[in-house]
A.B. asks: 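Below you will find the structure I want to go over with you.
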Amino acid sequence: MHLRLLHRAQQGFTTVTLMGTLMVGGLLVAATFTAVQPDIAFTKKDDDSKQAYGAAEAGVNYYLNRLGQDNSYYTHCANVPSPTLNAVNLEWNGTGADPRRWQTIQGSSAQYTTELLAIQDTSAAGTELCQENVPTSMIDPKYGTFRIRATGRARVAANANDRTSKRSIVATFRRKSFIDFLYFTDFETLDPYAYPTGGTYDPTWAANNCAVYRPQRSTNCQDPDFIDADSINGPFKTNDSISVCGAPDFGRDANDDIELNGDSPGWVSGCSGAAPNFKGVVDWPAGQLPMPQSNSALEASADAGYVFNGETRLVFNGSTVSITNNGTTTSKALPPSGVIYVNSTSCNVGYARQQTYTPSSYMTNPGCGNVWISGTYNSDVTIGADNDIIVMDDFKSNTLSTVLAGLVANNFVRVFHPVTSFSTNGFGQTTCTNDPGGPAAMQIDAAILALNHSFIADNWYCGSPLGTLTVNGAIAQKFRGTVGTHSGSTITSGYAKAYSYNDTLRYREPPYFINPTESAWRLVRQNEQVPAR
């Protein structure tokens with residue numbers, strides 16, 4: 001009886017203990033919730049921010065997709081064709097009610113809108129916005145680019161000026177260009193003007209039989225090989241197919257495109273056992289970049305006082321250039337527009353295979369629009385020639401990553417190699433003696449474009465080896481140029497090549513550089529605008 005009463009007296013203890021435990025647990029839950037509540041709000045804000053940025057990127061890709069379908073899409077401004085519901089707007093200044101049209105991303109509540117950022121011209125009212133069918137209202141004439149702003153939002157804010165869930169990206173577009181590649185050729189065959197005269201296969205024969213792509217070319221055309229010693233240290237493109245001997249390298253890594261055309265697989269073997277080493281990503285058939293026939297647009301872009309007639313010599317010295325024209329030498333600051341242009345007055349266009357120019361008498365055709373250049377430049381510049389550009393000695397940028405030069409010739413861009421004598425042996429081989437006053441190893445920092453002919457070294461086929469020709473930039477030409485001869489991997493005359501791509505050209509170009517006659521637009525850079533519009 002006594003034990004039973006004792007046990008009965010302890011029944012309430014369990015209830016009290018349980019209640020205390022529940023109370024402590026509840027306090028812990030409340031404390032935990034209080035502690036994490038700010039993190040929940042922060043996580044939501046972070047999630048909104050990421051969704052908004054993703055929506056802004058979708059807006060950029062939307063516009064790029066439309067450009068891919070219509071190269072002139074930007075000329076429609078906000079009056080774009082289908083789809084009926086679109087998100088293309090004129091630029092909004094950010095004040096007042098938001099007038100922009102938004103597009104909801106499928107399967108999401110996030111939205112995007114795009115605005116056209118016109119070239120600002122304060123001299124004329126109304127030109128601060130995109131003008132329909134007026135390309136110049138959008139295109140930067142100096143660099144050939146145009147911009148849009150894409151804004152994304154994760155949710156529709158009650159206040160249009162509430163930027164807490166918005167993010168904006170400013171995207172810059174540029175047409176696919178010759179300078180997207182370290183090395184570009186239209187025809188992978190020797191320029192007809194560089195053929196020897198007096199034989200069956202002379203310049204006239206070559207012009208009639210070799211200025212076509214490989215499947216249609218005569219087998220007697222001179223098609224230079226890429227040899228074992230060649231390394232194309234950057235992206236590469238040809239409208240033709242290439243010929244290789246040995247295992248030359250194309251590209252540096254998977255970031256470099258190797259664009260080939262012609263019959264599959266885009267290359268042929270020039271000797272037994274040849275196989276190119278493609279370090280870059282091969283695209284075949286890659287489509288063609290058509291070359292314009294003239295650089296006359298450059299003359300229109302040049303400032304007054306920087307257009308010359310007849311043979312002209314330019315020696316660059318940082319921010320100034322010494323100009324010799326018509327017997328007079330003057331020194332000038334580099335032009336504000338960045339363009340220097342030289343016209344022809346009277347000129348027999350053509351390349352003399354046997355060049356006997358000496359350093360003391362380099363101007364041999366006074367009426368020709370030839371430009372002879374050398375020196376170092378410290379701001380962007382483009383040099384245009386109605387005829388040829390001849391690089392006499394080193395032509396360098398003082399900062400490759402920020403300062404660019406363009407050399408655009410209607411005919412040849414030539415490397416100066418003067419000689420003093422010629423002779424031909426019984427096998428028809430030409431020999432010559434290098435002029436001791438000429439350059440040896442040479443460096444050229446420039447984007448080079450020979451519209452109707454080639455990048456070539458004078459007298460490449462004779463004389464003692466000159467050393468290494470270093471090019472930092474890009475080379476584009478109508479016909480495959482030659483700068484030396486070789487026996488196996490040994491240079492026997494002219495130059496060994498060291499060509500490297502200047503990656504700055506991926507997103508910038510020299511002033512008013514000539515682009516293909518028609519090519520697709522591509523995104524060259526994008527930057528976030530803070531705060532968002």
Side-chain angles (χ1 to χ4, degrees), residues 119 135-136 139-146 174-180 184 186 289-316 321 323-326 332-347 349 365 367-375 377 379-391 395 397 403-414 444-455 473-478 502 505 508-519:
I119 299 297
T136 52
I139 303 295
D140 182 331
K142 190 169 187 177
Y143 299 112
T145 59
F146 80 89
R174 188 180 75 189
R175 286 186 184 276
K176 193 171 185 179
S177 172
F178 303 120
I179 60 175
D180 292 338
F184 166 83
D186 190 14
L289 284 183
M291 297 193 73
Q293 295 182 336
S294 172
N295 63 11
S296 58
L298 280 176
E299 181 182 359
S301 303
D303 299 301
Y306 290 90
V307 177
F308 304 94
N309 292 322
E311 298 224 31
T312 303
R313 181 173 183 179
L314 306 176
V315 180
F316 289 82
V321 56
I323 304 167
T324 301
N325 176 261
N326 197 26
K332 287 188 165 189
L334 297 189
S337 69
V339 176
I340 300 173
Y341 193 83
V342 176
N343 271 310
S344 294
T345 54
S346 60
C347 184
V349 176
N365 299 290
C368 277
N370 291 335
V371 191
W372 302 74
I373 66 169
S374 61
Y377 56 93
S379 62
D380 291 353
V381 63
T382 295
I383 302 164
D386 196 8
N387 194 45
D388 294 352
I389 294 175
I390 305 97
V391 186
F395 180 64
S397 165
V403 180
L404 301 174
L407 305 179
V408 185
N410 274 338
N411 292 313
F412 289 90
V413 177
R414 294 162 33 202
I444 305 173
D445 298 337
I448 296 166
L449 177 55
L451 289 173
N452 294 293
H453 292 285
S454 302
F455 175 60
I475 300 167
Q477 54 195 343
K478 185 75 171 180
N502 182 355
L505 295 171
R508 285 189 59 224
E509 63 184 43
Y512 299 96
F513 200 79
I514 302 296
N515 286 314
T517 53
E518 185 176 346
S519 61

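Each residue takes its place number in the sequence, starting with 1.
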A.B. asks: Distance from Q477 atom CD to D186 atom CG, nearest 0.5 Å?
C.D. replies: 10.0 Å
A.B. asks: Scan side-chain atoms only and decide if T312 and N325 contain a donor-acceptor pair under the 3.5 Å cut-off.
C.D. replies: yes
A.B. asks: Pair R175, I139 - check side-chain contact (heavy atoms from CB on, under 4.5 Å), show working.
C.D. replies: CA-CA 11 Å; R175 286 186 184 276; I139 303 295; over 6 Å; no
A.B. asks: Please report the C-alpha distance between I119 and D140 in whole Å, then the side-chain angles of each, then the deciding distance to 0.1 Å, and finally whether the side-chain contact (heavy atoms from CB on, under 4.5 Å) criterion is met.
C.D. replies: CA-CA 7 Å; I119 299 297; D140 182 331; 4.0 Å; yes
A.B. asks: F316 versus I383: any side-chain heavy-atom pair under 4.5 Å?
C.D. replies: yes
A.B. asks: Which heavy atom of F184 sits nearest to which heavy atom of L289, and what is that distance?
C.D. replies: CZ-O, 3.7 Å
A.B. asks: Let me know which of N326, T324, V342 forms a side-chain contact (heavy atoms from CB on, under 4.5 Å) with F308.
C.D. replies: V342
A.B. asks: Could you tell me which non-hydrogen atom of F178 sits nearest to which non-hydrogen atom of A476, and how far apart they are?
C.D. replies: CB-CB, 3.7 Å
A.B. asks: Any sub-3.5 Å donor-acceptor pair from S397's side-chain atoms to V403's backbone N or O?
C.D. replies: yes
A.B. asks: Heavy-atom distance under 4.5 Å between the side chains of K142 and T382, does that happen here?
C.D. replies: no
A.B. asks: Could you label the plane-to-plane angle of the Y377 and F395 rings as parallel, tilted or perpendicular, counting under 30° as parallel and over 60° as perpendicular?
C.D. replies: tilted
A.B. asks: Are any non-hydrogen side-chain atoms of V339 and Y306 less than 4.5 angstrom apart?
C.D. replies: no
A.B. asks: What's the spacing between S177 OG and L449 CG if we round to 0.5 Å?
C.D. replies: 8.5 Å
A.B. asks: Side chains of L298 and Y341: closer than 4.5 Å at any heavy-atom pair?
C.D. replies: yes
A.B. asks: Quick test of your reading of the model: are R508 and D380 salt-bridged, counting only N-O distances below 4.0 Å?
C.D. replies: yes
A.B. asks: Whether the side chain of N295 engages the backbone of A385 through a donor-acceptor N/O pair (distance < 3.5 Å, no angle test) should be reported.
C.D. replies: yes
A.B. asks: Verify whether one side chain among N410 and N452 offers a donor that lies under 3.5 Å from an acceptor in the other.
C.D. replies: no
A.B. asks: Taking all non-hydrogen atoms of both residues, which atom of P141 and which atom of Y512 are closest, and how far apart?
C.D. replies: O-CD2, 2.9 Å
A.B. asks: Testing the basics here: between S344 and D386, what is the closest heavy-atom pair and its distance to 0.1 Å?
C.D. replies: N-OD2, 3.2 Å
A.B. asks: Please name the pair of heavy atoms, one in G144 and one in E509, separated by the smallest distance, quoted to 0.1 Å.
C.D. replies: N-OE2, 4.3 Å
A.B. asks: Quick check for you: to the nearest 0.5 Å, what is the distance between S296 atom OG and N343 atom CG?
C.D. replies: 9.5 Å
A.B. asks: Side chain of S454, backbone of A450: donor and acceptor closer than 3.5 Å?
C.D. replies: no
A.B. asks: Will you find, in the side chains of D303 and S337, an N or O donor that is under 3.5 Å from an N or O acceptor?
C.D. replies: yes
A.B. asks: Under 3.5 Å, is there a donor-acceptor pair between the side chain of D388 and the main chain of F412?
C.D. replies: yes
A.B. asks: Working to the nearest 0.5 angstrom, can you tell me the gap between N411 CG and N387 CG?
C.D. replies: 4.5 Å
A.B. asks: State, yes or no, whether a side-chain contact exists between I340 and K332 at a heavy-atom distance under 4.5 Å.
C.D. replies: no
A.B. asks: Give me the atom names and distance for the closest heavy-atom approach of L505 to I179.
C.D. replies: CB-O, 3.7 Å
